[in-house]
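I have placed the structure first, in the form of structure tokens, so that the comments after it can refer back to it.
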Amino acid sequence: MQEQGIVRRIDELGRLVIPKELRKSLRIREGDPLEIYASKDELVLKKYSPISSLKNISSAVADGIENLTEKTCIITDCDTVVYVSSGKDKDILGKNISTEMEKVLKERKSVVLSRADGGTIIPVISGEDMQSENQIIVPMITGGDCFGSVILYDKDKSSRFSSSDVKLVQLGSSFLSSQLE
């Protein structure tokens, strides 16, 4: 992202208004938590992602699910891809999730899809088709709030996910959700 030199004044209560254009481009919405820290003579605002703070645990969960299912597992927060278990798909790491994924997370319902059964695969990130044939998406919910998702996908046209695969992804999501309490 290109640096932008916009000047804003702090009001008498210490508040600062972040311009609408920056909020839109950085996907900052009302109520989003921001991390604030100082670095030399700079004040840095960064979107806070509780899932990103669980990076070691998230990677262990995703890698464990991949080892058991031999399918790629992805961990997202509500904005970006936080972890990808498979080396061949690491290029999506850090990219923004698609608007379709955002809708799934807002609905807070698990989704199991297969192209072979007529299902429409939900793109994980905007503008890229991962050529998935089967997909499980389980939102991570704590205290009624959605913090991200655990996704399992498969590119094999001849296979389907089993009920054990679905339960495993649900378990991974529940475990990560419990770490946020």
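Index from 1, following the sequence. Values below: all heavy atoms of this structure, side chains included; hydrogens, waters and symmetry mates excluded. These numbers were taken from a predicted model, which means no experiment stands behind them.
Interatomic distance, L54 CG to I75 CD1, rounded to the nearest 0.5 Å: 10.0 Å. Note that CG of N134 is 9.0 Å distant from CG of L152, once rounded to the nearest 0.5 Å. Rounded to the nearest 0.5 angstrom, S86 OG and Y153 OH are separated by 6.0 Å. With rounding to the nearest 0.5 Å, the separation of CD1 in I28 from NZ in K20 is 14.5 Å. Atom OH of Y83 and atom OG of S58 lie 9.5 Å apart (nearest 0.5 Å). For the atom pair OG (S126) and CD1 (I92), the distance works out to 11.5 Å, reported to the nearest 0.5 Å.
Crowding of K155 atom NZ: a count of heavy atoms from other residues, nucleotides or ligands under 6.0 Å exceeding 12. Counting heavy-atom neighbours within 6.0 Å of K90 NZ, excluding the residue itself, gives a total above 12.
Pairing each heavy atom of C73 with each of V150, the nearest pair is SG-CG1, 3.8 Å. A pairwise comparison of heavy atoms in G172 and I65 identifies CA-CD1, 4.3 Å as the closest pair.
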Determine, stepwise, if the pair F147 / D77 fulfils side chain to side chain contact (heavy atoms under 4.5 Å, CB included).
CA-CA 6 Å; F147 289 93; D77 60 18; over 6 Å; no
Yes or no on side chain to side chain contact (heavy atoms under 4.5 Å, CB included) for V124 and V81, after CA distance, side-chain angles and deciding distance?
CA-CA 8 Å; V124 176; V81 175; 4.1 Å; yes
As a quick check of understanding, evaluate salt bridge (Lys or Arg N to Asp or Glu O under 4.0 Å) for R160 and D154, giving each step before the final call.
CA-CA 8 Å; R160 303 282 189 292; D154 181 19; over 6 Å; no
Steps toward side chain to side chain contact (heavy atoms under 4.5 Å, CB included) verdict (I141, R108)
CA-CA 7 Å; I141 300 170; R108 295 173 168 77; 3.5 Å; yes
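Looking only at side-chain heavy atoms (C-beta outward), Q170 and S110 come within less than 4.5 Å of each other. Using a 4.5 Å cut-off on side-chain heavy atoms (C-beta onward), M101 and I122 make contact. Side-chain contact between K24 and L22 is absent, with no heavy atoms from C-beta onward closer than 4.5 Å. Looking at heavy atoms from C-beta onward, P19 lies in side-chain contact with R8 at the 4.5 angstrom threshold. The side-chain heavy atoms of D79 and R29, taken from C-beta on, include a pair separated by under 4.5 Å. For the pair V104 and K109, the minimum side-chain heavy-atom distance is 4.5 Å or more. For the pair S173/P139, no side-chain contact is recorded, criterion being any heavy-atom separation below 4.5 Å from C-beta on.
Other cluster members for V44: Y37, joined by side-chain heavy-atom distances under 4.5 Å among Ile, Leu, Val, Met, Phe, Trp and Tyr. In this structure, V17 stands alone, with no Ile, Leu, Val, Met, Phe, Trp or Tyr side-chain heavy atom under 4.5 Å from its own, directly or through other members.
Judged by distance alone, the side chains of T69 and D165 never bring a donor and an acceptor atom under 3.5 Å apart. Side-chain atoms of T80 and N96 include no donor-acceptor pair closer than 3.5 Å.
When hydrophobic clusters are built by joining Ile, Leu, Val, Met, Phe, Trp and Tyr residues whose side-chain heavy atoms come closer than 4.5 Å, directly or via intermediates, I36 is not grouped with I10. Linking ILVMFWY residues whenever their side-chain heavy atoms come closer than 4.5 Å, directly or via other members, leaves L180 and L171 in distinct clusters.
Only one option out of V169, L168, I136 pairs with F161 in a side-chain contact (heavy atoms from CB on, under 4.5 Å); it is I136.
At least one donor-acceptor pair under 3.5 Å links the side chain of R23 to the backbone N or O of I18. Panel note: side chain D156, backbone S158; a donor-acceptor pair is recorded below 3.5 Å.
Counting only residues at least two apart or in different chains, side chain to side chain donor-acceptor pair (under 3.5 Å) contacts with residues 138-152 comprise T76-S149.
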